[in-house]
Amino acid sequence: MRTRQAFAAALLAATPALTGCLTHTRTVPRTRPPEVVYSASLEQLLQQLDGRYKATRTATLFVEISASTGGSVEGQVKEYLNLSGYIIIQNPDHIRVLLKLPLGAGRALDMVSDGKNFKMIIPHPGCAIIGSDTSLPTQKGFYSLRPAVILDSLLIQPFGPTEDVSRTQDSRIIEAPKTKVDILTGKALGKALIEEPDYDIQFLSQPKGRIARTLRVVHIGRTDLLPYRQDIYNDEGRIETQAFYSNYQHFGDIVFPTKIVIQRPLDELGLTITVTKGTTFNQQLEPDQFDLGPIPASYPVQNMDDPVSAKSNPCVSHPAPPASAPAAK
């Protein structure tokens, strides 16, 4: 016992010397709390999500879209040319995406979905792609992208009747909108960092026995109580889609993000959607707004639900058809 006491006393006596020799101090960026932090109950947050979803009956979004494929698996990232166009939504399941070629060279693609099946026409080089809104496990990159991915990213689904829900709290580090300036020199010191608290709403499947599965997680910042990120999980519990929201603006009574970044980590696919001027919400849509008409008879058709057809790539191998090609129903 005396030996232990003597050792403890010697260790305490040596502590000042040891801390001077065995520690190292490094500088890290300093953070500050936000000036305003809002609080809300889980019930209030769910009501807000439900209200924003139901308030968007239709939308015509004028957009610019950029895309990238690849990552650590491929060892490279390919970035594609920005395209402009529009996205039309009719809540809950109809969506149309029309993108135009630069310099007024016509349509790059025109895609429509009714929530169950989609059809996409690509005039140059002249082909079409059809299929259901569920991709095959073997499809990667652009071939894994379905209209439902875009729709679920643009409109965050509300709390469903067959779901359970929980809420946790965390924080994120963001840059302050204003750059710090040295009072004496007037030089910019860089942007200050803010540690913003958030609410994380976890939507769960109803338990099977004692096991429930995470369906999606919505992250809500507490400086404005608006979603800044959504994680959607697959059946194996892996993140299938991540959507990041920023630059919220008012469109009448609708508050909507004007920058949506969609990441598909398992497919190494990324989309950035920037909402531009001309965007409107809850306007009356024409009856044929989601009708692309027949696919031209000369266009080869790739069926993404057929494993054999899905492996083909007619949009690359097939030359553009003549302008007078007849249409097929």
Side-chain angles (χ1 to χ4, degrees), residues 40-54 56 69 71-73 89 91-95 113-118 131-172 196-222 225-245 257 260-271 273 304-305 307 310:
S41 67
L42 175 57
E43 186 64 30
Q44 289 173 325
L45 295 172
L46 293 175
Q47 288 176 356
Q48 290 177 12
L49 287 175
D50 184 72
R52 278 194 294 271
Y53 179 79
K54 290 181 178 178
T56 306
T69 58
S72 58
V73 175
I89 295 171
N91 201 342
D93 48 21
H94 282 65
I95 184 172
S113 170
D114 61 2
K116 297 178 181 179
N117 299 287
F118 78 94
S132 66
D133 268 3
T134 302
S135 61
L136 298 174
T138 55
Q139 294 169 353
K140 301 297 181 182
F142 284 120
Y143 284 96
S144 70
L145 186 62
R146 293 293 186 273
V149 173
I150 300 175
L151 188 58
D152 288 344
S153 298
L154 294 176
L155 298 182
I156 297 178
Q157 296 288 326
F159 183 33
T162 62
E163 298 173 340
D164 289 338
V165 68
S166 68
R167 187 189 74 174
T168 58
Q169 298 187 44
D170 202 348
S171 64
R172 62 169 178 159
E196 178 193 20
D198 72 2
Y199 291 124
D200 300 329
I201 303 179
Q202 188 173 30
F203 295 87
L204 308 168
S205 65
Q206 291 190 342
K208 294 182 178 180
R210 298 174 60 186
I211 300 175
R213 183 172 67 84
T214 301
L215 302 174
R216 63 191 189 279
V217 178
V218 178
H219 305 263
I220 298 176
R222 292 183 59 187
L225 294 181
L226 291 171
Y228 68 84
R229 178 175 139 194
Q230 179 182 200
D231 302 326
I232 301 176
Y233 291 77
N234 64 13
D235 293 340
E236 298 176 349
R238 303 178 68 183
I239 293 179
E240 193 170 48
T241 302
Q242 282 187 310
F244 300 86
Y245 309 100
I260 302 100
V261 178
I262 303 172
Q263 296 289 342
R264 298 271 292 176
L266 300 180
D267 303 320
E268 296 199 321
L269 170 67
L271 289 178
I273 301 174
M304 301 306 290
D305 295 335

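Scope of the values below: all heavy atoms of this structure, side chains included, with no hydrogens, waters or symmetry mates.
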Inset, instruction - Measure across Pro257 and Ile260 and return the closest heavy-atom pair with its distance rounded to 0.1 Å. - result: O-CD1, 3.5 Å

Inset, instruction - Take Leu226 and Ile220 through the test side chain to side chain contact (heavy atoms under 4.5 Å, CB included) and record every step on the way to the result. - result: CA-CA 5 Å; Leu226 291 171; Ile220 298 176; 5.7 Å; no

Legend entry - Minimum-distance pair of heavy atoms, taken over all atoms of Pro147 and Ile95: CB-CG2, 3.7 Å

Legend entry - Working for side chain to side chain contact (heavy atoms under 4.5 Å, CB included), residues Phe118 and Arg146: CA-CA 8 Å; Phe118 78 94; Arg146 293 293 186 273; 3.6 Å; yes

Legend entry - Side-chain (Asn234) to main-chain (Glu236) donor-acceptor, under 3.5 angstrom: yes

Legend entry - N/O donor-acceptor pair under 3.5 Å between Asp200 side chain and Gln169 backbone: no

Inset, instruction - State whether the side chain of Glu268 and the backbone N or O of Pro265 hold a donor-acceptor pair below 3.5 Å, judged by distance alone. - result: no

Inset, instruction - Output all residues satisfying side chain to side chain donor-acceptor pair (under 3.5 Å) with Asn117, sequence neighbours left out; order by chain, then residue number. - result: none

Legend entry - With sequence neighbours excluded, residues passing side chain to side chain donor-acceptor pair (under 3.5 Å) with Arg167: none

Inset, instruction - For residues Leu225 and Gln48, determine if any side-chain heavy atom of one lies less than 4.5 Å from a side-chain heavy atom of the other. - result: yes

Inset, instruction - Report yes if some heavy atom in the side chain of Leu46 is under 4.5 Å from a heavy atom in the side chain of Pro158; otherwise report no. - result: no

Inset, instruction - Quick one: closest heavy-atom pair of Pro227 and Tyr245, and the distance? - result: O-CB, 3.6 Å

With a 3.5 Å cut-off and sequence neighbours excluded, list the donor-acceptor pairs that the side chains of residues 148-157 form with protein atoms.
from, atom 1, to, atom 2, distance (Å)
Asp152, OD1, Gln157, NE2, 3.4
Ser153, OG, Val149, O, 2.8

Inset, instruction - Check Asp198 against Ser171 and note the closest heavy-atom contact, atom names and distance. - result: OD1-N, 3.6 Å

Legend entry - Any residue meeting salt bridge (charged side-chain N to carboxylate O under 4.0 Å, His left out) with Glu240, in chain and number order, not counting sequence neighbours: none

Inset, instruction - List for me each residue that meets side chain to side chain donor-acceptor pair (under 3.5 Å) alongside Asp170, sequence neighbours excluded, and say none if there are none. - result: none

Legend entry - Minimum heavy-atom distance between Val217 and Gln202, given as atom pair plus value: CG2-CG, 4.0 Å

Legend entry - Any donor-acceptor pair under 3.5 Å from Ser205 side chain to Arg213 backbone: yes

Inset, instruction - Taking the side chain as every heavy atom from C-beta outward, state whether Phe244 and Tyr228 have any atom pair closer than 4.5 Å. - result: no

Inset, instruction - List for me each residue that meets side chain to side chain donor-acceptor pair (under 3.5 Å) alongside Asp231, sequence neighbours excluded, and say none if there are none. - result: His219, Arg229, Gln242

Legend entry - Check: Val261 and Leu271 side chains under 4.5 Å, non-hydrogen atoms: no

Legend entry - Phe203 and Ser166, any side-chain heavy atoms less than 4.5 Å apart: no

Legend entry - Closest heavy-atom pair and its distance - Leu215, Glu163: CD1-OE2, 3.6 Å

Legend entry - Backbone of Ser132 reached by a side-chain donor or acceptor of Asp305 within 3.5 Å: yes

Legend entry - Sub-4.5 Å side-chain heavy-atom contact between Leu42 and Phe159: no

Legend entry - Pairwise side-chain contact, Leu204 with Val165, heavy-atom cut-off 4.5 Å (strictly under): no

Inset, instruction - Determine yes or no for a side-chain-to-main-chain donor-acceptor pair under 3.5 angstrom, with Thr214 supplying the side chain and Arg216 the backbone. - result: no

